[in-house]
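What you see is a predicted model; the values in this text were computed from it and never measured. Each chain gets a letter, A, B and so on, in the order its sequence line appears, and its residues count up from 1.
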Protein chains: 2
Amino acid sequence: MTVVPGPDHRKLPRRRGAVLSRAIFDAVLAEIAESGYSALTMDRVAERARASKASLYRRWPGRAALVLDAAYEAMPGPDAVPNTGSLRLDTLTVMRQGARQLEGIVGQAMRGVLGEALQNPEVAAEVREFARGNAGRMMREILANAVNRGECDPDLVTDFRIEAGPALLRQRFIFGSGPIDDDFLVGVVDQVVLPLFGVDPKNNRRGT
Amino acid sequence: MTVVPGPDHRKLPRRRGAVLSRAIFDAVLAEIAESGYSALTMDRVAERARASKASLYRRWPGRAALVLDAAYEAMPGPDAVPNTGSLRLDTLTVMRQGARQLEGIVGQAMRGVLGEALQNPEVAAEVREFARGNAGRMMREILANAVNRGECDPDLVTDFRIEAGPALLRQRFIFGSGPIDDDFLVGVVDQVVLPLFGVDPKNNRRGT
DNA sequence: GCTTATAGAGAACTAGCAGTTCTCTACCTC
DNA sequence: GAGGTAGAGAACTGCTAGTTCTCTATAAGC
(Lines give C-alpha, C1' and ligand atoms only; values in the text may rest on other atoms or scores of the structure.)
Protein backbone atom coordinates (compact mmCIF):
# COMPACT_ATOMS: atom_id res chain seq x y z
CA MET A 1 0.00 0.00 0.00
CA THR A 2 2.55 2.55 -1.10
CA VAL A 3 0.40 5.61 -0.88
CA VAL A 4 2.34 8.50 -2.31
CA PRO A 5 0.09 11.35 -1.21
CA GLY A 6 1.16 13.98 -3.71
CA PRO A 7 -1.00 17.06 -4.15
CA ASP A 8 -4.50 16.20 -3.04
CA HIS A 9 -6.83 17.41 -5.79
CA ARG A 10 -9.58 17.59 -3.29
CA LYS A 11 -7.93 20.62 -1.81
CA LEU A 12 -8.08 22.59 -5.02
CA PRO A 13 -10.71 25.27 -5.28
CA ARG A 14 -13.98 23.57 -6.10
CA ARG A 15 -16.52 24.69 -8.67
CA ARG A 16 -20.20 24.38 -7.92
CA GLY A 17 -23.62 24.80 -9.48
CA ALA A 18 -23.82 26.61 -12.78
CA VAL A 19 -20.07 27.05 -13.13
CA LEU A 20 -19.53 23.34 -12.90
CA SER A 21 -22.40 22.59 -15.27
CA ARG A 22 -20.91 24.98 -17.77
CA ALA A 23 -17.55 23.20 -17.53
CA ILE A 24 -19.26 19.84 -18.07
CA PHE A 25 -21.11 21.11 -21.15
CA ASP A 26 -17.85 22.44 -22.53
CA ALA A 27 -16.23 19.07 -21.97
CA VAL A 28 -19.08 17.29 -23.75
CA LEU A 29 -18.88 19.60 -26.74
CA ALA A 30 -15.10 19.37 -26.90
CA GLU A 31 -15.29 15.57 -26.83
CA ILE A 32 -17.89 15.53 -29.58
CA ALA A 33 -15.90 17.95 -31.70
CA GLU A 34 -12.76 15.92 -31.21
CA SER A 35 -13.93 12.34 -31.51
CA GLY A 36 -17.62 12.40 -32.36
CA TYR A 37 -20.60 11.29 -30.39
CA SER A 38 -20.02 7.56 -30.46
CA ALA A 39 -16.61 7.90 -28.80
CA LEU A 40 -18.05 10.00 -26.01
CA THR A 41 -18.01 8.31 -22.61
CA MET A 42 -19.03 9.53 -19.20
CA ASP A 43 -15.55 8.81 -17.88
CA ARG A 44 -13.91 10.91 -20.54
CA VAL A 45 -16.31 13.79 -19.99
CA ALA A 46 -15.73 13.66 -16.25
CA GLU A 47 -11.98 13.55 -16.67
CA ARG A 48 -11.94 16.36 -19.21
CA ALA A 49 -14.14 18.55 -17.06
CA ARG A 50 -12.07 17.60 -14.01
CA ALA A 51 -15.34 16.63 -12.39
CA SER A 52 -16.43 13.41 -10.75
CA LYS A 53 -18.85 11.03 -12.37
CA ALA A 54 -21.00 11.38 -9.28
CA SER A 55 -21.44 15.07 -10.13
CA LEU A 56 -22.52 14.13 -13.63
CA TYR A 57 -25.06 11.62 -12.44
CA ARG A 58 -26.40 13.98 -9.82
CA ARG A 59 -27.36 16.36 -12.64
CA TRP A 60 -28.40 14.04 -15.43
CA PRO A 61 -29.89 10.57 -15.39
CA GLY A 62 -27.68 9.31 -18.20
CA ARG A 63 -25.64 10.00 -21.26
CA ALA A 64 -28.58 10.80 -23.52
CA ALA A 65 -29.94 13.52 -21.24
CA LEU A 66 -26.51 15.04 -20.79
CA VAL A 67 -25.82 15.25 -24.51
CA LEU A 68 -29.31 16.57 -25.20
CA ASP A 69 -28.76 19.42 -22.73
CA ALA A 70 -25.29 20.08 -24.06
CA ALA A 71 -26.66 20.24 -27.60
CA TYR A 72 -29.29 22.77 -26.58
CA GLU A 73 -26.59 24.83 -24.94
CA ALA A 74 -24.50 24.73 -28.09
CA MET A 75 -27.31 25.96 -30.30
CA PRO A 76 -27.12 29.60 -31.13
CA GLY A 77 -30.02 31.62 -29.82
CA PRO A 78 -33.02 31.92 -32.14
CA ASP A 79 -31.84 33.74 -35.22
CA ALA A 80 -33.69 36.88 -36.08
CA VAL A 81 -36.43 35.94 -38.52
CA PRO A 82 -35.52 37.44 -41.88
CA ASN A 83 -37.97 39.83 -43.49
CA THR A 84 -36.59 40.84 -46.84
CA GLY A 85 -39.88 41.43 -48.58
CA SER A 86 -39.50 38.27 -50.64
CA LEU A 87 -40.68 34.85 -49.54
CA ARG A 88 -37.99 33.24 -51.65
CA LEU A 89 -35.12 35.04 -50.00
CA ASP A 90 -36.62 34.67 -46.53
CA THR A 91 -37.01 30.92 -46.95
CA LEU A 92 -33.58 30.53 -48.43
CA THR A 93 -32.09 32.46 -45.52
CA VAL A 94 -33.78 30.25 -42.96
CA MET A 95 -32.69 27.10 -44.76
CA ARG A 96 -29.14 28.36 -44.99
CA GLN A 97 -29.04 29.14 -41.29
CA GLY A 98 -30.30 25.64 -40.53
CA ALA A 99 -27.82 23.98 -42.85
CA ARG A 100 -24.94 25.95 -41.37
CA GLN A 101 -25.85 24.88 -37.85
CA LEU A 102 -25.99 21.24 -38.84
CA GLU A 103 -22.48 21.37 -40.22
CA GLY A 104 -20.66 22.05 -36.96
CA ILE A 105 -20.58 20.61 -33.48
CA VAL A 106 -24.33 21.04 -33.15
CA GLY A 107 -24.77 18.68 -36.07
CA GLN A 108 -22.50 16.09 -34.51
CA ALA A 109 -24.39 16.35 -31.25
CA MET A 110 -27.71 16.12 -33.08
CA ARG A 111 -26.60 12.89 -34.73
CA GLY A 112 -26.06 11.43 -31.29
CA VAL A 113 -29.31 12.76 -29.90
CA LEU A 114 -31.21 11.47 -32.93
CA GLY A 115 -29.73 8.05 -32.38
CA GLU A 116 -31.09 8.10 -28.86
CA ALA A 117 -34.42 9.42 -30.05
CA LEU A 118 -34.81 6.45 -32.36
CA GLN A 119 -34.63 4.10 -29.39
CA ASN A 120 -36.52 6.22 -26.91
CA PRO A 121 -39.91 7.78 -27.73
CA GLU A 122 -39.62 10.32 -24.91
CA VAL A 123 -36.40 11.72 -26.33
CA ALA A 124 -38.02 11.66 -29.76
CA ALA A 125 -40.95 13.72 -28.51
CA GLU A 126 -38.63 16.24 -26.91
CA VAL A 127 -36.57 16.62 -30.05
CA ARG A 128 -39.72 16.96 -32.13
CA GLU A 129 -41.03 19.73 -29.90
CA PHE A 130 -37.73 21.50 -30.10
CA ALA A 131 -37.52 21.29 -33.88
CA ARG A 132 -41.11 22.41 -34.22
CA GLY A 133 -40.56 25.40 -32.00
CA ASN A 134 -37.41 26.33 -33.86
CA ALA A 135 -37.57 25.82 -37.61
CA GLY A 136 -41.37 25.67 -37.52
CA ARG A 137 -41.75 28.98 -35.76
CA MET A 138 -39.47 30.75 -38.21
CA MET A 139 -41.21 29.28 -41.24
CA ARG A 140 -44.59 30.26 -39.86
CA GLU A 141 -43.45 33.80 -39.28
CA ILE A 142 -42.00 34.39 -42.72
CA LEU A 143 -45.15 32.90 -44.24
CA ALA A 144 -47.33 35.24 -42.19
CA ASN A 145 -45.30 38.11 -43.62
CA ALA A 146 -45.77 36.76 -47.14
CA VAL A 147 -49.52 36.51 -46.58
CA ASN A 148 -49.60 40.11 -45.33
CA ARG A 149 -47.78 41.24 -48.43
CA GLY A 150 -50.35 39.41 -50.52
CA GLU A 151 -47.62 37.17 -51.90
CA CYS A 152 -49.23 33.98 -50.69
CA ASP A 153 -52.75 32.62 -50.19
CA PRO A 154 -53.36 32.07 -46.44
CA ASP A 155 -55.26 28.85 -47.15
CA LEU A 156 -52.04 27.27 -48.36
CA VAL A 157 -50.27 27.74 -45.04
CA THR A 158 -50.73 24.33 -43.44
CA ASP A 159 -48.50 22.11 -41.30
CA PHE A 160 -47.90 19.64 -44.10
CA ARG A 161 -46.68 22.30 -46.49
CA ILE A 162 -44.62 24.07 -43.85
CA GLU A 163 -42.81 20.88 -42.92
CA ALA A 164 -41.90 19.83 -46.47
CA GLY A 165 -38.81 22.03 -46.78
CA PRO A 166 -37.40 21.31 -43.31
CA ALA A 167 -38.11 17.59 -43.78
CA LEU A 168 -36.01 17.50 -46.95
CA LEU A 169 -33.20 19.34 -45.20
CA ARG A 170 -33.28 16.96 -42.24
CA GLN A 171 -33.36 13.94 -44.50
CA ARG A 172 -30.33 15.25 -46.36
CA PHE A 173 -28.58 15.73 -43.02
CA ILE A 174 -29.41 12.26 -41.76
CA PHE A 175 -28.61 10.22 -44.86
CA GLY A 176 -26.05 12.41 -46.57
CA SER A 177 -22.50 12.79 -45.42
CA GLY A 178 -20.67 15.83 -46.72
CA PRO A 179 -21.60 19.47 -46.27
CA ILE A 180 -24.96 20.56 -47.62
CA ASP A 181 -24.26 22.62 -50.67
CA ASP A 182 -26.22 25.63 -51.72
CA ASP A 183 -27.58 24.06 -54.88
CA PHE A 184 -29.49 21.65 -52.70
CA LEU A 185 -31.06 24.44 -50.67
CA VAL A 186 -31.94 26.43 -53.78
CA GLY A 187 -33.50 23.33 -55.32
CA VAL A 188 -35.62 22.65 -52.26
CA VAL A 189 -36.81 26.24 -52.10
CA ASP A 190 -37.50 26.74 -55.81
CA GLN A 191 -38.87 23.33 -56.65
CA VAL A 192 -40.71 22.45 -53.45
CA VAL A 193 -41.31 25.22 -50.94
CA LEU A 194 -42.32 28.05 -53.26
CA PRO A 195 -44.56 25.94 -55.51
CA LEU A 196 -46.35 24.62 -52.43
CA PHE A 197 -47.21 28.18 -51.44
CA GLY A 198 -48.24 29.17 -54.92
CA VAL A 199 -45.26 31.45 -55.53
CA ASP A 200 -43.38 31.44 -58.81
CA PRO A 201 -39.62 31.44 -58.11
CA LYS A 202 -38.95 33.45 -61.27
CA ASN A 203 -40.78 36.47 -59.93
CA ASN A 204 -38.57 36.53 -56.88
CA ARG A 205 -35.03 36.31 -58.10
CA ARG A 206 -33.81 39.76 -57.29
CA GLY A 207 -31.04 39.04 -54.76
CA THR A 208 -29.46 35.53 -55.05
CA MET B 1 -12.25 -30.53 -12.26
CA THR B 2 -15.60 -32.23 -11.77
CA VAL B 3 -16.45 -32.66 -15.40
CA VAL B 4 -19.91 -34.14 -15.58
CA PRO B 5 -20.03 -34.97 -19.26
CA GLY B 6 -23.78 -35.11 -19.76
CA PRO B 7 -25.17 -34.89 -23.27
CA ASP B 8 -22.60 -33.17 -25.40
CA HIS B 9 -24.38 -30.57 -27.53
CA ARG B 10 -21.58 -30.74 -29.97
CA LYS B 11 -22.79 -34.13 -31.04
CA LEU B 12 -26.18 -32.84 -32.14
CA PRO B 13 -26.73 -32.50 -35.85
CA ARG B 14 -25.03 -29.29 -36.91
CA ARG B 15 -26.43 -26.71 -39.29
CA ARG B 16 -24.17 -25.03 -41.79
CA GLY B 17 -24.06 -22.32 -44.40
CA ALA B 18 -27.35 -20.84 -45.50
CA VAL B 19 -29.44 -22.89 -43.08
CA LEU B 20 -27.52 -21.52 -40.14
CA SER B 21 -27.60 -17.96 -41.49
CA ARG B 22 -31.34 -18.24 -41.85
CA ALA B 23 -31.64 -19.38 -38.22
CA ILE B 24 -29.50 -16.45 -37.09
CA PHE B 25 -31.63 -13.95 -39.04
CA ASP B 26 -34.73 -15.43 -37.48
CA ALA B 27 -33.21 -15.06 -34.04
CA VAL B 28 -32.32 -11.42 -34.71
CA LEU B 29 -35.81 -10.61 -35.90
CA ALA B 30 -37.41 -12.46 -32.99
CA GLU B 31 -35.24 -10.57 -30.52
CA ILE B 32 -36.11 -7.24 -32.13
CA ALA B 33 -39.80 -8.06 -32.17
CA GLU B 34 -39.69 -9.13 -28.55
CA SER B 35 -37.46 -6.54 -26.91
CA GLY B 36 -36.56 -3.96 -29.54
CA TYR B 37 -33.26 -3.13 -31.10
CA SER B 38 -31.53 -1.60 -28.12
CA ALA B 39 -31.95 -4.75 -26.03
CA LEU B 40 -30.46 -6.89 -28.77
CA THR B 41 -27.10 -8.41 -27.87
CA MET B 42 -24.86 -10.78 -29.74
CA ASP B 43 -25.00 -13.24 -26.84
CA ARG B 44 -28.76 -13.34 -26.87
CA VAL B 45 -28.88 -13.80 -30.62
CA ALA B 46 -26.35 -16.62 -30.46
CA GLU B 47 -28.20 -18.32 -27.65
CA ARG B 48 -31.56 -17.97 -29.33
CA ALA B 49 -30.25 -19.30 -32.61
CA ARG B 50 -28.43 -22.06 -30.74
CA ALA B 51 -25.32 -20.90 -32.55
CA SER B 52 -21.94 -19.85 -31.27
CA LYS B 53 -20.80 -16.28 -31.22
CA ALA B 54 -17.82 -17.37 -33.29
CA SER B 55 -20.25 -18.35 -36.06
CA LEU B 56 -21.81 -14.91 -35.90
CA TYR B 57 -18.51 -13.11 -36.11
CA ARG B 58 -17.30 -15.31 -38.93
CA ARG B 59 -20.22 -14.02 -41.00
CA TRP B 60 -20.56 -10.40 -39.92
CA PRO B 61 -18.01 -7.95 -38.59
CA GLY B 62 -20.32 -6.61 -35.90
CA ARG B 63 -23.79 -6.00 -34.64
CA ALA B 64 -24.60 -3.23 -37.12
CA ALA B 65 -23.83 -5.36 -40.16
CA LEU B 66 -25.80 -8.27 -38.77
CA VAL B 67 -28.89 -6.21 -38.10
CA LEU B 68 -28.62 -4.47 -41.47
CA ASP B 69 -28.60 -7.83 -43.24
CA ALA B 70 -31.41 -9.15 -41.08
CA ALA B 71 -33.47 -6.07 -41.84
CA TYR B 72 -33.01 -6.52 -45.58
CA GLU B 73 -34.08 -10.12 -45.20
CA ALA B 74 -37.18 -9.06 -43.33
CA MET B 75 -38.28 -6.60 -45.96
CA PRO B 76 -40.97 -7.88 -48.22
CA GLY B 77 -39.94 -8.10 -51.85
CA PRO B 78 -40.64 -5.03 -53.96
CA ASP B 79 -44.37 -4.51 -54.01
CA ALA B 80 -45.97 -4.43 -57.38
CA VAL B 81 -46.14 -0.82 -58.46
CA PRO B 82 -49.79 0.25 -58.47
CA ASN B 83 -51.28 1.53 -61.69
CA THR B 84 -54.86 2.54 -61.02
CA GLY B 85 -55.08 5.26 -63.64
CA SER B 86 -55.00 7.99 -61.00
CA LEU B 87 -51.83 9.55 -59.65
CA ARG B 88 -53.58 10.29 -56.39
CA LEU B 89 -54.54 6.71 -55.70
CA ASP B 90 -51.21 5.35 -56.92
CA THR B 91 -49.28 7.68 -54.60
CA LEU B 92 -51.56 6.95 -51.68
CA THR B 93 -51.10 3.23 -52.22
CA VAL B 94 -47.34 3.51 -52.23
CA MET B 95 -47.35 5.66 -49.11
CA ARG B 96 -49.67 3.24 -47.37
CA GLN B 97 -47.45 0.30 -48.21
CA GLY B 98 -44.46 2.17 -46.85
CA ALA B 99 -46.25 3.18 -43.67
CA ARG B 100 -47.44 -0.37 -43.07
CA GLN B 101 -43.92 -1.74 -43.38
CA LEU B 102 -42.57 0.78 -40.91
CA GLU B 103 -45.09 -0.30 -38.29
CA GLY B 104 -43.83 -3.85 -37.83
CA ILE B 105 -40.56 -5.56 -37.16
CA VAL B 106 -39.02 -3.93 -40.20
CA GLY B 107 -39.66 -0.55 -38.61
CA GLN B 108 -38.04 -1.62 -35.35
CA ALA B 109 -35.04 -2.92 -37.24
CA MET B 110 -34.87 0.26 -39.28
CA ARG B 111 -34.74 2.33 -36.10
CA GLY B 112 -31.67 0.39 -35.09
CA VAL B 113 -30.07 0.60 -38.50
CA LEU B 114 -30.75 4.33 -38.68
CA GLY B 115 -29.11 4.80 -35.32
CA GLU B 116 -26.00 3.12 -36.69
CA ALA B 117 -26.22 5.14 -39.91
CA LEU B 118 -26.11 8.37 -37.93
CA GLN B 119 -22.73 7.40 -36.51
CA ASN B 120 -21.31 5.74 -39.58
CA PRO B 121 -21.37 7.42 -43.00
CA GLU B 122 -20.83 4.13 -44.82
CA VAL B 123 -23.93 2.62 -43.30
CA ALA B 124 -25.75 5.87 -44.07
CA ALA B 125 -24.76 5.65 -47.72
CA GLU B 126 -25.92 2.07 -47.91
CA VAL B 127 -29.28 2.85 -46.36
CA ARG B 128 -29.70 5.84 -48.67
CA GLU B 129 -29.04 3.71 -51.73
CA PHE B 130 -31.51 1.17 -50.53
CA ALA B 131 -34.24 3.70 -49.81
CA ARG B 132 -33.64 5.41 -53.13
CA GLY B 133 -33.91 2.15 -55.03
CA ASN B 134 -37.06 1.23 -53.18
CA ALA B 135 -39.43 4.13 -52.54
CA GLY B 136 -37.75 6.24 -55.21
CA ARG B 137 -38.14 3.64 -57.92
CA MET B 138 -41.83 3.18 -57.20
CA MET B 139 -42.52 6.89 -57.14
CA ARG B 140 -40.67 7.37 -60.41
CA GLU B 141 -42.67 4.62 -62.05
CA ILE B 142 -46.10 5.87 -61.03
CA LEU B 143 -45.08 9.36 -62.14
CA ALA B 144 -43.99 8.04 -65.53
CA ASN B 145 -47.44 6.50 -65.86
CA ALA B 146 -49.06 9.80 -64.91
CA VAL B 147 -46.98 11.60 -67.52
CA ASN B 148 -48.03 9.05 -70.15
CA ARG B 149 -51.67 9.61 -69.25
CA GLY B 150 -51.11 13.32 -69.66
CA GLU B 151 -51.99 13.85 -66.02
CA CYS B 152 -48.69 15.46 -65.16
CA ASP B 153 -46.15 17.73 -66.86
CA PRO B 154 -42.87 15.78 -67.33
CA ASP B 155 -40.83 18.88 -66.46
CA LEU B 156 -42.15 18.68 -62.91
CA VAL B 157 -40.72 15.22 -62.31
CA THR B 158 -37.48 16.06 -60.48
CA ASP B 159 -35.64 14.45 -57.59
CA PHE B 160 -36.53 17.21 -55.17
CA ARG B 161 -40.26 16.87 -55.83
CA ILE B 162 -40.15 13.09 -55.82
CA GLU B 163 -38.45 13.01 -52.44
CA ALA B 164 -40.82 15.42 -50.70
CA GLY B 165 -43.52 12.87 -49.89
CA PRO B 166 -41.19 10.09 -48.77
CA ALA B 167 -39.18 12.58 -46.70
CA LEU B 168 -42.28 13.62 -44.79
CA LEU B 169 -43.18 10.00 -44.17
CA ARG B 170 -39.70 9.18 -42.94
CA GLN B 171 -39.64 12.22 -40.70
CA ARG B 172 -42.93 11.17 -39.20
CA PHE B 173 -41.50 7.73 -38.61
CA ILE B 174 -38.34 9.00 -36.97
CA PHE B 175 -39.79 11.65 -34.70
CA GLY B 176 -43.29 10.34 -34.15
CA SER B 177 -44.12 7.43 -31.95
CA GLY B 178 -47.51 5.84 -32.54
CA PRO B 179 -48.79 4.27 -35.72
CA ILE B 180 -48.98 6.49 -38.76
CA ASP B 181 -52.65 7.20 -39.32
CA ASP B 182 -54.26 7.52 -42.68
CA ASP B 183 -55.12 11.19 -42.27
CA PHE B 184 -51.44 11.92 -42.25
CA LEU B 185 -50.86 10.05 -45.50
CA VAL B 186 -53.85 11.69 -47.16
CA GLY B 187 -52.62 15.09 -46.02
CA VAL B 188 -49.17 14.51 -47.43
CA VAL B 189 -50.55 13.33 -50.75
CA ASP B 190 -53.23 15.98 -51.20
CA GLN B 191 -51.39 18.97 -49.79
CA VAL B 192 -47.84 18.23 -50.85
CA VAL B 193 -47.30 15.51 -53.44
CA LEU B 194 -50.13 16.27 -55.84
CA PRO B 195 -49.67 20.07 -55.80
CA LEU B 196 -45.97 19.60 -56.54
CA PHE B 197 -46.86 17.66 -59.68
CA GLY B 198 -49.51 20.11 -60.73
CA VAL B 199 -52.43 17.78 -60.05
CA ASP B 200 -55.58 18.98 -58.31
CA PRO B 201 -56.62 16.43 -55.66
CA LYS B 202 -60.29 17.25 -56.20
CA ASN B 203 -60.22 15.88 -59.72
CA ASN B 204 -58.96 12.56 -58.49
CA ARG B 205 -61.16 11.57 -55.62
CA ARG B 206 -63.00 8.70 -57.14
CA GLY B 207 -61.93 5.80 -54.91
CA THR B 208 -60.57 7.04 -51.53
C1' DG C 1 -15.43 -46.01 -47.66
C1' DC C 2 -11.46 -43.40 -45.96
C1' DT C 3 -8.91 -39.00 -45.39
C1' DT C 4 -8.67 -34.33 -44.80
C1' DA C 5 -10.15 -29.59 -44.58
C1' DT C 6 -13.72 -26.66 -43.07
C1' DA C 7 -16.67 -24.77 -39.97
C1' DG C 8 -19.89 -25.11 -35.98
C1' DA C 9 -20.74 -25.55 -30.65
C1' DG C 10 -19.66 -24.09 -26.44
C1' DA C 11 -17.04 -21.91 -23.08
C1' DA C 12 -13.50 -19.10 -21.16
C1' DC C 13 -11.39 -14.86 -21.57
C1' DT C 14 -10.18 -9.62 -22.18
C1' DA C 15 -11.30 -4.98 -22.30
C1' DG C 16 -14.20 -1.14 -21.91
C1' DC C 17 -18.26 1.40 -20.43
C1' DA C 18 -22.54 2.66 -17.62
C1' DG C 19 -23.88 3.45 -13.43
C1' DT C 20 -23.31 3.20 -8.08
C1' DT C 21 -21.28 3.93 -3.80
C1' DC C 22 -17.77 5.08 -0.74
C1' DT C 23 -14.61 8.44 1.78
C1' DC C 24 -12.93 12.71 2.41
C1' DT C 25 -13.38 17.63 2.41
C1' DA C 26 -14.29 22.39 0.37
C1' DC C 27 -17.66 25.69 0.39
C1' DC C 28 -22.00 27.97 1.51
C1' DT C 29 -25.50 29.34 4.91
C1' DC C 30 -27.15 30.41 9.17
C1' DG D 1 -18.03 28.89 14.13
C1' DA D 2 -21.27 24.79 13.29
C1' DG D 3 -23.67 22.00 10.16
C1' DG D 4 -25.36 20.68 5.88
C1' DT D 5 -24.68 20.31 0.98
C1' DA D 6 -22.21 18.92 -2.76
C1' DG D 7 -17.80 18.11 -5.31
C1' DA D 8 -13.37 15.10 -6.12
C1' DG D 9 -11.63 10.91 -6.72
C1' DA D 10 -11.47 6.12 -6.62
C1' DA D 11 -13.13 1.53 -6.08
C1' DC D 12 -16.60 -1.43 -7.37
C1' DT D 13 -20.50 -4.15 -9.96
C1' DG D 14 -22.55 -5.83 -13.94
C1' DC D 15 -23.10 -6.11 -18.71
C1' DT D 16 -21.63 -6.35 -23.50
C1' DA D 17 -18.55 -6.57 -27.66
C1' DG D 18 -15.35 -9.09 -29.51
C1' DT D 19 -11.53 -12.93 -29.37
C1' DT D 20 -9.70 -17.32 -28.89
C1' DC D 21 -9.53 -21.92 -27.47
C1' DT D 22 -10.85 -26.98 -27.71
C1' DC D 23 -13.42 -30.40 -29.52
C1' DT D 24 -15.96 -32.57 -33.26
C1' DA D 25 -19.68 -32.96 -36.93
C1' DT D 26 -20.02 -32.57 -41.68
C1' DA D 27 -18.73 -32.06 -46.52
C1' DA D 28 -15.63 -32.80 -50.30
C1' DG D 29 -12.03 -35.23 -52.60
C1' DC D 30 -9.99 -39.46 -53.61
Whole-Å distance between C/dG16 P and A/R63 CZ? 17 Å
Locate the shortest heavy-atom distance separating A/S177 from B/P121; write the atom from each residue and the value. CB-CB, 4.4 Å
Among D/dT19, C/dG8, D/dG7, the one nearest any side-chain atom of A/R58 is D/dG7
Considering only side-chain heavy atoms of A/R14, which listed nucleotide, D/dG7, C/dG10, C/dA18, is closest? D/dG7
Ranking D/dA6, C/dT20, D/dG18 by distance to the side chain of A/K53, first place goes to C/dT20
For the residue pair B/S35 and B/R44, what are the closest heavy atoms and their distance? OG-NH2, 3.9 Å
Mind listing the closest non-hydrogen atom pair of A/F197 and A/V157 along with its distance? CE2-CA, 4.0 Å
I need the CG-P distance between B/L56 and C/dA11, as an integer number of Å. 16 Å
C/dA9 P sits how many Å from B/E47 CD, rounded? 13 Å
Just how far, in rounded Å, is P of C/dC17 from OH of A/Y57? 12 Å
What is the distance, to the nearest angstrom, from the CG atom on B/D43 to the C1' atom on C/dC13? 12 Å
Can you check whether B/S55 has a side-chain N or O nearer than 4.0 Å to OP1 or OP2 of C/dA9? yes
Considering only heavy atoms, which members of residues 15-34 of chain A lie under 4.0 Å from some atom of DNA chain D? A/R15, A/R16, A/G17, A/L20
Please determine if B/R170 and B/E163 form a salt bridge, counting it only when a charged side-chain N lies under 4.0 Å from a carboxylate O. yes
Between atom CG in A/L66 and atom P in C/dG19, what is the gap in whole Å? 11 Å
What nucleic acid atoms does B/R59 come within less than 4.0 Å of, heavy atoms only: base, sugar-phosphate, or nothing? sugar-phosphate
Minimum-distance pair of heavy atoms, taken over all atoms of B/F184 and B/L169: CE2-CA, 4.2 Å
Does this structure show an ion pair linking B/R48 with B/D26, if we count only N-O contacts that are shorter than 4.0 Å? no
Distance below 4.0 Å between B/R50 side-chain N/O and C/dG10 OP1 or OP2: yes
Just to be sure I understand the rule, does A/A46 reach a base, reach only the sugar-phosphate, or reach nothing, if contact means heavy atoms closer than 4.0 Å? nothing
Rounded to whole Å, please give me the gap between CE in B/M42 and P in D/dG18. 6 Å
I'd like to know if the side chain of B/R59 and the backbone of B/G17 have a donor-acceptor N/O pair within less than 3.5 Å. yes
Are any of A/S52's side-chain N or O atoms less than 4.0 Å away from OP1 or OP2 of D/dA10? no
